[in-house]
Peer 1: 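The structure's right below; bear with me while I get my questions together.
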Amino acid sequence: LKIRSSNSGHESHGKCSIEGWFTEETARKVFAAAGLNFDTEKSAASHRGYKAKSLGSLKASVSLETKLTPIDSRNVLALIEGLTKEIVVFTAHWDHFGVYSDGSGRIYHGARDNALGVAALIALAKAFASIPKEKRQRSVLFLVPTAEEMGLLGSQFYCEQPCTAPISDTIACINFDILNIFGKTKDVTFYGPADGKIDAVAAEAAKRQNRRVDPDPLASNGMFFRSDHFNFAKKGVPALFINMGFESIDASKGKDFIRQTQLDWNAACYHKDQDQVIVDPNHPWFWDLSGCVDDVRLVYNVALRLVAGDLAASKC
Ligand SMILES: [Zn+2]
């Protein structure tokens with residue numbers, strides 16, 4: 001069971017005195033103790049109209065000692081100005097977890113999560129800076145938020161106090177977080193729908209690369225709700241969050257190669273010190289960035305149309 005005080009800067013502050021997560025195994029025990037069957041309730045809860053049930057006389061007592069340490073950190077922003085007041089925002093969080101707290105000296109390197117995303121953002125900043133201003137109807141904001149890993153705090157701060165343009169003039173947010181390191185793919189996936197217009201432009205851009213858009217095969221991870229674009233989406237700004245493709249162009253690797261390797265990578269490297277650049281081609285998660293280049297080019301082509309002013313501003 002993990003518990004944290006709601007006074008942690010997280011947005012649920014004020015709703016509950018404590019909030020927590022526990023494993024399915026523990027949930028089953030709690031349901032059983034309340035005389036409920038976990039599987040029956042879970043399946044009933046997936047249908048519209050399900051009403052929450054009381055856990056009867058079950059009570060929890062929790063004691064919690066907390067120490068609050070204020071931390072000063074910074075969002076990093078760069079704006080390339082266009083002709084109108086509207087802006088397109090790119091986001092890629094720069095923070096990770098620093099050093100392990102167990103005194104081992106191990107470092108959360110965060111190479112893929114999210115130095116790779118920041119590198120993509122910088123490459124796009126260079127590309128957009130080389131476009132003459134008269135071709136940029138809209139400005140482009142490159143926002144590198146802090147404290148994403150602590151609950152999307154940097155992007156939340158920006159969305160509440162946008163310092164470049166009002167949220168109402170922000171026409172799209174395009175986010176990078178954990179890009180593809182497994183080579184070129186025949187398909188591409190996005191986390192969640194953005195909005196009809198941007199999704200259609202993304203599908204066109206994929207088609208020009210002879211790739212198809214597939215649904216996210218790991219949708220149950222709920223990534224759409226777990227990265228910085230989500231704060232923009234909550235304000236009604238269409239948010240495009242590219243995931244990656246899952247069918248390698250190398251058919252000899254098998255249809256399930258990338259999905260399985262991604263799951264293995266998650267288990268071994270995600271939010272661990274093993275999240276490092278791997279240059280050994282024989283290693284299971286050797287960094288083959290050829291597919292990542294395709295993905296970033298695809299996003300560039302989508303953003304190019306948005307920045308050129310092709311699509312009218314549209315809110316979710
Ligand atoms: Zn991340």
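Remember, it's 1-based here, ligands and their atoms both numbered in the order they're listed. This is a predicted model, so every value here is computed, not measured. Just so it is clear, the values below take in all heavy atoms, side chains as well, and ignore hydrogens, waters and symmetry mates.
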Peer 1: Could you give all pairs that pass the salt bridge (Lys or Arg N to Asp or Glu O under 4.0 Å) test and reach residues 279-301, with sequence neighbours left out?
Peer 2: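 Applying salt bridge (Lys or Arg N to Asp or Glu O under 4.0 Å) to every pair that reaches into residues 279-301, excluding sequence neighbours, yields K184-D294, R211-D295.
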Peer 1: Identify, by name, the N, O or S atom of D113 lying closest to the Zn ion (ligand 1).
Peer 2: OD1
Peer 1: Under 6.0 Å between the ring centres of H271 and F97?
Peer 2: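 Yes, the ring of H271 comes within the 6.0 Å limit of the ring of F97, centre to centre.
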Peer 1: Hey, is there an N, O or S on H96 sitting under 2.8 Å from the Zn ion (ligand 1)?
Peer 2: no
Peer 1: Extract all donor-acceptor atom pairs below 3.5 Å that involve side chains of residues 75-82 and protein atoms in other chains or at least two apart in sequence.
Peer 2:
{"unit_1": "N75", "atom_1": "OD1", "unit_2": "T146", "atom_2": "N", "d": "2.9"}
{"unit_1": "N75", "atom_1": "ND2", "unit_2": "G154", "atom_2": "O", "d": "2.9"}

Peer 1: Which N/O/S atom belongs to H93 and is the closest one to the Zn ion (ligand 1)?
Peer 2: NE2
Peer 1: Please state whether the rings of F224 and F230 are parallel, tilted or perpendicular, taking 30° and 60° as the class boundaries.
Peer 2: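 Plane angle over 60°, so perpendicular.
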Peer 1: Any N/O/S atom from D177 (main chain or side chain) under 2.8 Å of the Zn ion (ligand 1)?
Peer 2: yes
